Student: 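Structure in structure tokens, see below.
Since we're looking at a predicted model, the values are computed, not measured. Just follow the structure's listing: the first ligand is 1, and inside any ligand the first atom is 1. Start at 1 with the first residue, then count along the sequence.
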Amino acid sequence: MQSGFANRMHIGLIMDGNGRWATARGLPRVRGHQAGVKAIRPVVEAAAEAGVGTLTLYAFSSDNWRRPAAEVSGLMALLGRYLREEIATLARSGVRLGFIGRRDRLPAGLAARIAEAERETAGAERLHLRIAFDYSARDAILAAALQAAQAAQAGPGLSREAFSRLVTGDGAPDVDLLIRTGGEQRLSDFLLWECAYAELLFLDRMWPDFGPADLTQALARFARRERRFGEVPEAAVAA
Ligand code: FPP
């Protein structure tokens with residue numbers, strides 16, 4: 001469960017543009033993903049420094065299985081390497097690592113490494129870093145609906161909060177700010193339930209070029225947004 005992270009900000013990040021970043025440099029797409037992995041550490045540190053509670057990174061969607069086999073296996077290998085190389089640093093800097101998405105289609109060794117990484121960082125409380133891997137928001141909502149239907153047979157229906165816990169799996173709060181790099185303006189089956197009132201920020205920068213300064217700027221833009229959650233602004237009520 002999420003405990004201390006739940007009252008702090010949640011940022012969702014769609015790390016798009018690795019392929020185009022590589023192609024523009026005459027490199028194979030997998031080199032873009034390598035550069036994309038490198039970009040993660042400074043952004044995670046900057047998020048923790050800024051007091052963000054939860055950061056969810058979209059690393060592999062369930063639809064990404066349809067990519068060429070070499071790219072898929074390249075992404076699996078990169079995740080394995082990321083876990084090998086980053087766990088100690090993450091644990092030291094107070095980052096709890098969690099995964100959302102299916103694990104049963106991943107190579108057995110990778111699934112075991114994910115479980116190990118989650119165990120090793122379970123006590124950290126500075127930032128909850130969630131990686132969405134073989135993830136589909138629609139599948140997560142469908143799985144929650146099936147569980148809710150079963151629960152409804154045994155008793156009264158579920159509250160919205162209880163259903164949210166089924167969808168997120170780990171009690172993560174709603175997304176406050178959703179950032180997508182790479183210039184596209186869509187959600188691509190990412191955290192659809194959790195983004196109900198998220199502020200959306202679509203940036204042209206390709207993910208490998210995204211750094212701490214971009215995160216700081218994104219947070220400043222977020223701070224200027226007026227979030228109303230369907231209510232009327234106070235000034236309008238007084239008028
Ligand atoms: C989208 O870029 C990016 C992905 C599908 C994968 C994101 C993955 C990483 C940053 C690296 C893997 C992360 C971990 C933690 C192992 P794209 O390939 O769709 O780029 P394009 O839109 O330019 O083609």
Student: For atom 15 (C) of ligand 1, what is the nearest protein heavy atom, given as residue, atom name and distance?
Tutor: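 Protein heavy atom with the smallest distance to atom 15 (C) of ligand 1: I40 CD1, 3.8 Å.
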
Student: Does an N or O from N64, backbone or side chain, lie closer than 3.5 Å to an N or O of ligand 1?
Tutor: no

Student: At a non-hydrogen distance cut-off of under 4.0 Å, which region of R29 contacts ligand 1 (side chain, backbone, both, or neither)?
Tutor: side chain

Student: The test is side chain to side chain contact (heavy atoms under 4.5 Å, CB included); show your working for N64 and Y58 and say whether it passes.
Tutor: CA-CA 11 Å; N64 287 156; Y58 205 5; over 6 Å; no

Student: Where does R67 meet ligand 1, judged by heavy-atom distances below 4.0 Å: at the side chain, the backbone, both, or neither?
Tutor: side chain

Student: Out of V37, N18, L78, whose heavy atom is nearest to atom 9 (C) of ligand 1?
Tutor: N18

Student: Enumerate the atoms of ligand 1 whose separation from the nearest heavy atom of R20 is less than 4.0 angstrom.
Tutor: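 This gives 21 (P), 22 (O), 23 (O) as the contact atoms.
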
Student: Just by modelled atom types, is the A22 backbone N or O under 3.5 Å from a matching donor or acceptor in the R29 side chain?
Tutor: no

Student: Distance to 0.1 Å, residue and atom name: give those for the protein heavy atom nearest to atom 3 (C) of ligand 1.
Tutor: M15 O, 3.2 Å

Student: Pick, from A59, G182, G183, the option with the minimum heavy-atom distance to atom 7 (C) of ligand 1.
Tutor: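 Considering heavy atoms of A59, G182, G183, the nearest to atom 7 (C) of ligand 1 sits in A59.
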
Student: Tell me which protein heavy atom sits closest to atom 4 (C) of ligand 1, plus the residue, atom name and distance to 0.1 Å.
Tutor: H33 CE1, 4.0 Å

Student: In terms of ring plane angle, is the pair F133 and F60 parallel, tilted or perpendicular, where the classes change at 30° and 60°?
Tutor: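 Rings of F133 and F60: parallel, under 30°.
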
Student: Can you hop from L203 to M206 via hydrophobic side chains spaced under 4.5 Å?
Tutor: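 No, because L203 and M206 fall into different hydrophobic clusters, even though each may have its own neighbours under 4.5 Å.
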
Student: Under 3.5 Å between some N or O of ligand 1 and some N or O of G19?
Tutor: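 Yes.
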
Student: May I ask you to decide whether E45 forms a salt bridge with R126, counting only side-chain N to carboxylate O separations under 4.0 Å?
Tutor: yes

Student: Can you label the angle between the F163 ring and the W193 ring as parallel, tilted or perpendicular, going by 30° and 60°?
Tutor: perpendicular

Student: Determine whether a donor-acceptor pair (N or O, by modelled atom type, separation under 3.5 Å) exists between the side chain of D134 and the backbone of R103.
Tutor: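 No; zero donor-acceptor contacts below 3.5 Å.
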
